[in-house]
Amino acid sequence: MEKIGIEMVVEEIFSRLPAKAVDRFKILSKYFRKELSTHNFELKHSRRAGNSLKKKLLSLKYESIVVDDIVGGNLELDTSKTITFPYDIHPSYLRIISSFNGMLLVCNERILCELMLWNPTTGRYKLISDDYFNHRFDRNSDTGGMYFDQFDDLKVLHIKCSRNVGTARVYSRRLDSWRKIDFLKDSKLASSCYSWSPATYCGKTIYFMVSNYWFPPGERNIVTFDVISESFSVLCFPERMEVNPCQGHFLSISNKLHVIVVGRAVELKADLYKLEHDDWVKVFSFDNPHILDYQARMQRTNIIQDKKWLITSIWGDFVEVDLCNEAFNYLQHVDNYNGPKAALFIKTTVSPFEYKL
């Protein structure tokens, strides 16, 4: 009976505590350390944190790394906090590849291009690869994502495109090792002419936008990765969203896949679509999409600021939109989002290391 009572405390009370409070309890006893480090507790704690409207926005400035609170989709200006990376690396060399359950997949682009798992809440990090991309090719040809498999093992997917050949491999936190998996066979998408987006996880599937702005003009493809079968497939970009040239940017809102389509017909436009029953439904159009000039970009301090959103970069430009009340209320439920040098994350206890009994 006593054991059941303690387990209920761990499951129902500790899983609601802030991540840093959980870390403090881990040092009190071996029992707490064991129970608060299990996969089950990590998942329950991260799910509770993910359901909250309070998120964190990590921004890589040129000289610093800044974390802000996002509450109900609104940037809390008085919460800005500067943090440091766990080891000596200038922020300008860092690039965020993916955000998942409080973990960031980060690339150190200086010299060796190291790939790292990092929990910015606990400060723990782990180097998992030192050959993220090939210097002789566009770094946008390499990408990655994170997910939990059916056995609750944290996995990292890495796609590398080099010399018109694509390869894929998966890292296991539990085994602390990489293994190759089958990629798209004879796929033109491995060509250096194509640019791969960061990963967006939604519903046991990882999504990538793969774009070619050379020939045919404005061609876009959606590549999916099923995390259970570890298989890839290619979907055509829906015709109803075609505006040439245009760019799509995935994000997850209320655990549903969405895409922002920024394009140029007569004038610049930006629309939000939602995947509903295998069909794309338009949610709304953003107000006043415009390209920021260099001076405005330098003055901008966050991807979310003053009811304006820096939603994507396109053709080397940064595009900003105004958020009306409808858009603002809808976007407060964003689960994850990677923007230029920034990403949303939640505060969790998920560790880059596998807990050993």
Side-chain angles (χ1 to χ4, degrees), residues 15-16 18-19 42-59 67-76 96-106 117-121 143-149 152 154-157 197-209 222 224-228 248-261 270-277 280-281 283-284 286 302-304 309-312 321 323 326-350:
S15 64
R16 302 174 192 272
E42 282 187 345
L43 290 172
K44 178 161 285 195
H45 186 271
S46 61
R47 287 192 187 109
R48 291 194 190 280
N51 290 334
S52 170
L53 290 182
K54 186 173 182 178
K55 304 287 193 300
K56 293 288 185 176
L57 174 65
L58 186 141
S59 303
V67 174
D68 294 285
D69 285 349
I70 304 292
V71 181
N74 189 37
L75 179 73
E76 300 287 298
I96 301 171
I97 308 302
S98 180
S99 175
F100 177 73
N101 277 38
M103 294 285 292
L104 298 182
L105 183 62
V106 180
L117 289 173
W118 176 37
N119 184 327
T121 301
T143 188
M146 294 179 286
Y147 61 96
F148 282 109
D149 67 10
D152 295 336
L154 180 65
K155 298 286 187 66
V156 175
L157 170 69
S197 74
T200 298
Y201 178 90
C202 188
K204 301 296 182 181
T205 303
I206 294 178
Y207 295 85
F208 301 93
M209 189 71 68
I222 298 172
T224 67
F225 176 75
D226 187 302
V227 304
I228 304 300
H249 192 108
F250 287 125
L251 67 163
S252 173
I253 303 176
S254 298
N255 296 314
K256 290 186 178 293
L257 184 69
H258 290 66
V259 64
I260 301 169
V261 179
D271 299 320
L272 179 69
Y273 290 83
K274 174 174 64 173
L275 184 61
E276 193 84 70
H277 306 300
W280 289 99
V281 179
V283 182
F284 54 73
F286 287 98
N302 279 293
I303 61 173
I304 303 171
W309 198 17
L310 195 62
I311 58 174
T312 188
V321 297
L323 297 181
E326 176 193 11
F328 187 80
N329 291 334
Y330 194 88
L331 291 170
Q332 68 177 319
H333 299 285
V334 170
D335 306 310
N336 58 64
Y337 175 80
N338 278 34
K341 301 290 280 186
L344 290 178
F345 72 96
I346 55 177
K347 297 180 72 172
T348 70
T349 63
V350 178

Would you give the length of the straight line joining atom [atom1] of [X] to atom [atom2] of [Y], rounded to the nearest 0.5 angstrom?
X	Y	atom1	atom2	value
L257	Y201	CG	OH	12.5 Å
H333	S254	NE2	OG	5.5 Å
L117	L154	CG	CG	6.0 Å
L331	E326	CG	CD	9.5 Å
C202	L275	SG	CG	8.0 Å
L344	L251	CG	CG	9.5 Å

For [X], check side chain to side chain contact (heavy atoms under 4.5 Å, CB included) against everything at least two apart and list the hits.
X	result
K256	H258, K274, E276
D226	I228, S229, S231
P120	L58, I83, L104, W118, F345
A270	V262, F286, P289, I311, V321

Exercise. Please determine if D69 and K56 form a salt bridge, counting it only when a charged side-chain N lies under 4.0 Å from a carboxylate O.
Key: yes

Taking all non-hydrogen atoms of both residues into account, name the closest pair between [X] and [Y] and its distance.
X	Y	value
D335	N255	OD2-N, 2.5 Å
F148	V350	CZ-CG1, 4.4 Å
I206	M146	CD1-O, 4.0 Å
G145	A199	CA-CB, 3.6 Å

Exercise. Not counting sequence neighbours, which residues clear ring-ring contact (aromatic ring centres under 6.0 Å, His included) with F250? List them please.
Key: Y207

Practice problem: For F225, enumerate each residue passing the ring-ring contact (aromatic ring centres under 6.0 Å, His included) test, keeping only those at least two apart in sequence or located in another chain. | Solution: Y147, F232

Quiz item: Step by step, would you call K55 with V334 a side-chain contact (heavy atoms from CB on, under 4.5 Å)?
Solution: CA-CA 9 Å; K55 304 287 193 300; V334 170; over 6 Å; no

Practice problem: Give the intermediate values and the outcome of side-chain contact (heavy atoms from CB on, under 4.5 Å) for residues Y330 and I253. | Solution: CA-CA 8 Å; Y330 194 88; I253 303 176; 3.8 Å; yes

Self-check item: Steps toward side-chain contact (heavy atoms from CB on, under 4.5 Å) verdict (V261, W280)
Solution: CA-CA 12 Å; V261 179; W280 289 99; over 6 Å; no

Self-check item: Donor-acceptor contact below 3.5 Å, side chain T143 vs main chain S197
Solution: yes

Using the side chain to side chain donor-acceptor pair (under 3.5 Å) criterion, which residues pair with [X]? Sequence neighbours excluded.
X	answer
D149	K155
T224	S233
N119	none

Self-check item: Worked check of side-chain contact (heavy atoms from CB on, under 4.5 Å) between T121 and T348
Solution: CA-CA 7 Å; T121 301; T348 70; over 6 Å; no

